[in-house]
Amino acid sequence: QVQLVESGGGSVQTGGSLRLSCAASGRTLRSYTMGWFRQAPGKEREFATAISRSGGSTYYADSVKGRFTISRDNAKNTVYLQMDSLKPEDTAVYFCAASPVVASSVVATTRGAYAYWGQGTQVTVSS
């Protein structure tokens, strides 16, 4: 079992930045592909970004590419999401997730590939 806890959410204005963290316990994260998903009110949970076990490969949704950066520190058992140039449409609850499947462009973006999820952290971007 892996327990994931997100932190770092909050309220910012358009163009601002936030850094989310996802801390894991129970097992080492180095065995997992890690992803960030987000869910806006009234919408389905959607893929935002993911990173392979070693950190050598990253994947981004078109909507966040160039503005968000995912990274991981396996020694600290933590995954990060740096969010820059935030827009009101980025407002959502952000969820960290862990997948035991080796990352690929298909796996990383597939919600069903992730076995463990955090409770989410709210990000609100005001105009």
Side-chain angles (χ1 to χ4, degrees):
Q1 282 281 9
V2 177
Q3 292 79 43
L4 303 172
V5 178
E6 303 94 336
S7 62
S11 297
V12 295
Q13 292 188 326
T14 297
S17 298
L18 282 174
R19 189 193 196 204
L20 306 184
S21 297
C22 172
S25 61
R27 283 190 177 180
T28 174
L29 277 188
R30 64 179 72 248
S31 300
Y32 297 89
T33 296
M34 297 300 297
W36 287 94
F37 287 72
R38 64 186 185 180
Q39 188 167 15
K43 294 188 176 181
E44 292 287 319
R45 192 172 301 187
E46 64 175 13
F47 168 77
T49 179
I51 188 167
S52 62
R53 297 173 180 181
S54 67
S57 297
T58 55
Y59 310 86
Y60 294 94
D62 288 342
S63 58
V64 307
K65 199 172 295 183
R67 301 185 300 117
F68 288 13
T69 303
I70 189 172
S71 62
R72 66 191 298 162
D73 186 338
N74 286 339
K76 294 183 177 180
N77 238 24
T78 303
V79 177
Y80 305 98
L81 179 60
Q82 177 67 40
M83 304 186 295
D84 299 317
S85 302
L86 283 161
K87 306 174 181 180
E89 50 263 45
D90 295 318
T91 295
V93 177
Y94 283 72
F95 298 90
C96 173
S99 171
V101 183
V102 175
S104 69
S105 59
V106 173
V107 168
T109 61
T110 303
R111 185 174 156 185
Y114 292 83
Y116 304 102
W117 294 82
Q119 82 290 347
T121 185
Q122 176 71 46
V123 171
T124 303
V125 185
S126 59
S127 57

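Predicted model, so just to flag it, every value in this text is computed and none were measured.
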S.K.: Quick one: list whatever passes side-chain contact (heavy atoms from CB on, under 4.5 Å) with A108, sequence neighbours left out.
M.R.: A50, Y59, Y114
S.K.: Give me the atom names and distance for the closest heavy-atom approach of A92 to Q122.
M.R.: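 So the two residues come closest at O-NE2, 3.5 Å.
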S.K.: Going by the rule ring pair (Phe, Tyr, Trp, His ring centres under 6.0 Å), which residues pair with F95 if we only count those two or more places apart in sequence or in a different chain?
M.R.: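 For F95 there are no ring pair (Phe, Tyr, Trp, His ring centres under 6.0 Å) partners, ignoring immediate neighbours.
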S.K.: For F68, what residues pass the ring pair (Phe, Tyr, Trp, His ring centres under 6.0 Å) criterion, not counting sequence neighbours?
M.R.: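 By the ring pair (Phe, Tyr, Trp, His ring centres under 6.0 Å) rule, F68 matches no residue at all.
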S.K.: Could you walk me through whether V123 and M83 pass the side-chain contact (heavy atoms from CB on, under 4.5 Å) check?
M.R.: CA-CA 10 Å; V123 171; M83 304 186 295; 3.8 Å; yes
S.K.: Tell me the closest heavy-atom pair linking G8 and L18, and the distance in Å.
M.R.: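 Smallest interatomic distance, heavy atoms only, reads O-CD2, 3.8 Å.
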S.K.: Check the pair R111, E44 against side-chain contact (heavy atoms from CB on, under 4.5 Å), reporting the backbone distance first and the verdict last.
M.R.: CA-CA 11 Å; R111 185 174 156 185; E44 292 287 319; 3.9 Å; yes
S.K.: Apply side-chain contact (heavy atoms from CB on, under 4.5 Å) to A115 and list each qualifying residue two or more places apart in sequence or on a separate chain.
M.R.: P100
S.K.: Which residues pass the side chain to side chain donor-acceptor pair (under 3.5 Å) test with Q39, not counting sequence neighbours?
M.R.: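 With sequence neighbours excluded, Q39 shows a side chain to side chain donor-acceptor pair (under 3.5 Å) to R45, given in chain and number order.
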S.K.: Do any pairs count as a side chain to side chain donor-acceptor pair (under 3.5 Å) and have a residue in residues 89-101, sequence neighbours left out, and if so which ones?
M.R.: R38-D90, R38-Y94, R67-D90
S.K.: Please report the interatomic distance CG(D84) to CZ(R19), rounded to the nearest 0.5 Å.
M.R.: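 Reported to 0.5 Å precision, the distance equals 11.0 Å.
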S.K.: Once side-chain contact (heavy atoms from CB on, under 4.5 Å) is applied, do any residues pair with T58, and if so which ones, sequence neighbours excluded?
M.R.: I51, Y60, I70
S.K.: Can you list the other members of the hydrophobic cluster that holds Y80, where links are side-chain heavy atoms under 4.5 angstrom apart?
M.R.: none
S.K.: Quick check on the 6.0 Å ring-centre criterion: do F47 and W36 meet it?
M.R.: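 So the answer is no for these two rings.
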S.K.: Would you say the side-chain atoms of N77 pair up with the backbone N or O of R27, donor to acceptor, closer than 3.5 Å?
M.R.: yes
S.K.: If hydrophobic clusters are built from ILVMFWY residues whose side chains come within less than 4.5 Å, do V2 and W117 share one?
M.R.: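 Looking at the clustering, W117 is in a separate group from V2.
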S.K.: Other hydrophobic cluster members with V101, side-chain heavy atoms of Ile/Leu/Val/Met/Phe/Trp/Tyr under 4.5 Å, chained?
M.R.: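 For the cluster that includes V101, the remaining residues are V107.
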S.K.: Determine yes or no for a side-chain-to-main-chain donor-acceptor pair under 3.5 angstrom, with R72 supplying the side chain and L29 the backbone.
M.R.: yes
S.K.: So how far is it from N74 CG to T28 OG1, rounded to the nearest 0.5 Å?
M.R.: 6.0 Å
S.K.: What's the separation between atom CG in L4 and atom CD in Q119, rounded to the nearest 0.5 Å?
M.R.: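 It is 9.0 Å, given to the nearest 0.5 Å.
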S.K.: Using a distance-only test with no angle check, is there a side-chain donor-acceptor pair under 3.5 angstrom linking T78 and D73?
M.R.: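 No.
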S.K.: I would like to know whether S21 and E6 meet side-chain contact (heavy atoms from CB on, under 4.5 Å); could you show each step before the answer?
M.R.: CA-CA 6 Å; S21 297; E6 303 94 336; over 6 Å; no
S.K.: Is there a chain of hydrophobic side chains (I, L, V, M, F, W, Y, each step under 4.5 Å between heavy atoms) that links V12 to L20?
M.R.: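 Yes, it is one cluster - the side chains of V12 and L20 are joined through contacts under 4.5 Å.
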S.K.: Looking only at heavy atoms, what is the nearest atom pair of G26 and Q3, with distance?
M.R.: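 It is CA-OE1, 3.7 Å.
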S.K.: Please report the closest heavy-atom contact between R53 and S31, naming both atoms and the distance.
M.R.: NE-O, 3.2 Å
S.K.: Assess whether side-chain contact (heavy atoms from CB on, under 4.5 Å) is satisfied between S17 and Q82, documenting all intermediate values.
M.R.: CA-CA 7 Å; S17 298; Q82 177 67 40; 4.0 Å; yes
S.K.: Quick one: list whatever passes side chain to side chain donor-acceptor pair (under 3.5 Å) with K43, sequence neighbours left out.
M.R.: none
S.K.: For S54, what residues pass the side-chain contact (heavy atoms from CB on, under 4.5 Å) criterion, not counting sequence neighbours?
M.R.: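 So S54 forms a side-chain contact (heavy atoms from CB on, under 4.5 Å) with S52.
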S.K.: Who pairs with S7 by side chain to side chain donor-acceptor pair (under 3.5 Å), at least two apart in sequence or on another chain?
M.R.: none
